[in-house]
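Data block below; observations after.
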Amino acid sequence: MDYRIEHDSMGEVKVPCDKYWGAQTQRSKDNFKIGEGIETMPREITHAFGILKKAAAVANNRLKPEKMTDKKLKFISAACDEVISGELFEHFPLVVWQTGSGTQSNMNANEVIANRANALAGEKLCHPNDDINMSQSSNDTFPTAMHISAVMIIENKLFPALDGLIETFKRLEAENAGVVKSGRTHLQDATPIEFSQEISGWRASLERCRSLIEASLPALKELALGGTAVGTGLNAPEGFDTEVAKAVSEITGVEFKTASNKFHALTSKDEIVFAHGALKALAADLMKIANDIRWLASGPRLGLGEIKIPENEPGSSIMPGKVNPTQCEAVTMVAVQVMGNDAAVGFAASQGNFELNVFMPVIIYNFIQSSRLLADAMTSFNKNCACGITADRKKMHHNLHNSLMLVTALNPYIGYENAAKTAKKAYAENITLKEACTSLGFLSEEEFDKVFKPEHMV
């Protein structure tokens, strides 16, 4: 491999000739071989850096054009556009496990954008610190990248996947209106419910989760940029914070604004904690829904067997013909991972010492992973399982009419105590509720038939 010599304030460093990064990126790459090749900084953060560096150049050009000239802006913007599009992702090699402020990833962006801008200009026009990092600090750029990436992955990836699953449940709800089955509480038989009502619970849970996640977005759309090193805005021109937020909004098409208190924005990560809590709520509901579906589909002969789900692949290497609820299992594993991530996010967010939180890379790594996993899991689950759910109406009818909890319909006529005696006799002697009730003399056959209508109990 051919190398070139780059330098920073600590001296000279050998850097691969085919890479746009510089000395500080290379030092980080050499010094933090932790999870290398596996846990690189999320590409969503790289994308966000492209956005905020372009926005910073635009704001600097508006406020101090003598330093950020039109010529510099032109080539910096072009380089940032390549970062935003993903063309330069190979030039961002750093791992999550680096400095807790994300300084090396900020410098990675500065170096790549400067060197690419210079290559486009055909001259050494831009300096990583003086031009690309103008009016900024790692301490305000990294939390800004965190918020931009969080908003973008929620709105562009998570919500579409969530909305797709909600729409599937709406369709299943309509298709199964009037289909009555046994309800269950405590994993025990309970009073009847329409299958559509059961599905409506799944659908409403997802809709509520969406509204909770939506509630977290306004705070995530507040940006730390303009606070520079400790929140005072040192070395940034007056009005930079509002101008750069305006420029980010223009680039993304999403309305961002500057954080009202930069001291809070640099040290507290409560916006991310709140938003990830909403993601955890979604994970919890997806766990419940996936478990419901695999319980209802259990069998095919010895389980509940009240619904059928798509058969996608063989389920056993030893038991021929076995098919398992694999999509449900994938969703539940994702849910567990998100719950674990929430603990990491919370612990890391509690470590804001004085003017800066230095756990930011691990916070956003877990946040992005949770968002991506939830979105991918919902898309896969919807396509390969939920869309193909069908009710086994015959099995539902059989289970419904075999349920002892239908005795609840008799409470108003024979009282709770006598209804309990009826249920216990029917269970002990393996007879019907009608046989038990009439043999105990609580109702005649005609009276029983008149009041005992399971389909009216929903």
For [X], the option from [options] that meets side-chain contact (heavy atoms from CB on, under 4.5 Å):
X	options	value
I148	I251, I153, L223	L223
E207	D163, L162, L212, I166	I166
L279	L373, V345, D342, L158	L158
D8	E111, Q26, R27	R27

Are the charged groups of E255 and K257 less than 4.0 angstrom apart, N to O?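 Salt bridge: no.
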
Taking the basic N atoms (NZ, or NE/NH1/NH2) and the acidic carboxylate oxygens, is any pair closer than 4.0 Å for K67 and D130?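 Salt bridge absent between K67 and D130.
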
Under 3.5 Å side-chain donor-acceptor pair for [X] and [Y]:
X	Y	result
N235	T228	no
Q98	S105	yes
Q337	N341	yes
N110	N133	yes
N61	D70	yes
N399	E306	yes

Taking the side chain from [X] and the backbone from [Y], do they hold a donor-acceptor pair closer than 3.5 Å?
X	Y	result
T168	G164	yes
D140	G227	yes
K170	R203	no
S380	D376	no
R116	A78	no
N139	V230	no
S28	T25	no
S149	M146	yes

Could you check I363 against N357 for side chain to side chain contact (heavy atoms under 4.5 Å, CB included), going step by step and ending with a plain yes or no? CA-CA 10 Å; I363 291 173; N357 178 289; 4.0 Å; yes

Restricting to non-hydrogen atoms, name the atom on [X] and the atom on [Y] that form the minimum distance, rounded to 0.1 Å.
X	Y	value
H47	F89	N-CE2, 4.3 Å
L266	A224	CD1-CB, 4.0 Å
P42	V96	CD-CG2, 4.2 Å
P65	L63	CD-C, 3.6 Å
C385	C328	SG-SG, 4.3 Å
A150	F367	CB-CE2, 3.4 Å

Side-chain heavy-atom pair [X], [Y] within 4.5 angstrom cut-off:
X	Y	result
F240	T258	no
F159	I213	yes
K72	N60	no
K54	I76	no
C126	I132	yes
T141	K53	yes
F142	P361	yes

Is [X] atom [atom1] crowded by more than 12 heavy atoms from other residues, nucleotides or ligands, each under 6.0 Å away?
X	atom1	value
E311	CD	no
I5	CD1	yes
R4	CZ	yes
W97	CH2	yes
K280	NZ	no
K394	NZ	no
E313	CD	yes
K64	NZ	yes

For K221, all residues meeting side-chain contact (heavy atoms from CB on, under 4.5 Å), sequence neighbours excluded: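 Residues passing side-chain contact (heavy atoms from CB on, under 4.5 Å) with K221: V151, E155, L217, V254, F256.
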
Identify which one of F195, F381, W202 satisfies the ring-ring contact (aromatic ring centres under 6.0 Å, His included) criterion when paired with F169. W202

Taking it one step at a time, do H91 and N115 satisfy side chain to side chain contact (heavy atoms under 4.5 Å, CB included)? CA-CA 11 Å; H91 302 277; N115 286 330; over 6 Å; no

Given E271 and H264, is the side chain to side chain contact (heavy atoms under 4.5 Å, CB included) satisfied, shown in steps? CA-CA 11 Å; E271 298 89 353; H264 162 82; 2.8 Å; yes

